[in-house]
Amino acid sequence: MTGNDKTSKTAEVVGRIVEAKGLGDFGFGIGLGLAGVAFCLMLPLMIFATSWDGHLHEQKQCYEIKKIDGELFKLNTCTGELETIDERSSE
């Protein structure tokens, strides 16, 4: 059986279904099936979208407060910047 024979056989079967059920019912069935497939594909995406925070990578906190030799420093771990902090301003 060649590809052309398979196509004509499939077309014949679809034609028989259309004749038996009527074109309106056949179209309704196809539409209902497509809607069901679309819903099944959309449901996991909807669940994922409700829990997604909008970031592709984990966001970490870049600042740490360190006490070195009695002085307070604010260290930016993302860039490596080090800034002194006046203890009186934090009170």
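Computed from a prediction, not measured in an experiment: that's the story for all the values here.
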Those residues that, when tested against Thr50, pass side chain to side chain donor-acceptor pair (under 3.5 Å) (two or more places apart)
none
Is Arg16 salt-bridged to Glu12, going by a charged N under 4.0 Å from an acidic O?
yes
Measuring from atom CD of Glu81 to atom SG of Cys62, what distance do you get when rounded to the nearest 0.5 angstrom?
10.5 Å
For Lys66, what residues pass the side chain to side chain donor-acceptor pair (under 3.5 Å) criterion, not counting sequence neighbours?
Glu64
Measure across Thr77 and Gln61 and return the closest heavy-atom pair with its distance rounded to 0.1 Å.
OG1-O, 3.7 Å
Only one of Leu43, Val37, Leu45 passes side-chain contact (heavy atoms from CB on, under 4.5 Å) with Leu41, and that residue is Val37
Find out if a path of hydrophobic residues (ILVMFWY) with successive side-chain heavy-atom gaps under 4.5 Å connects Leu34 to Met42.
no
Looking at CG of Asp86 and CD of Glu71, how far apart are the two atoms once the value is rounded to the nearest 0.5 Å?
10.0 Å
Same hydrophobic cluster for Val13 and Ile30, using side-chain heavy-atom links shorter than 4.5 Å among ILVMFWY?
yes
Thr84 side chain vs Phe73 backbone, donor-acceptor pair below 3.5 Å
no
I'd like to know if Ile68 and Leu75 are part of one continuous hydrophobic network [Ile/Leu/Val/Met/Phe/Trp/Tyr, side-chain heavy atoms within less than 4.5 Å].
yes
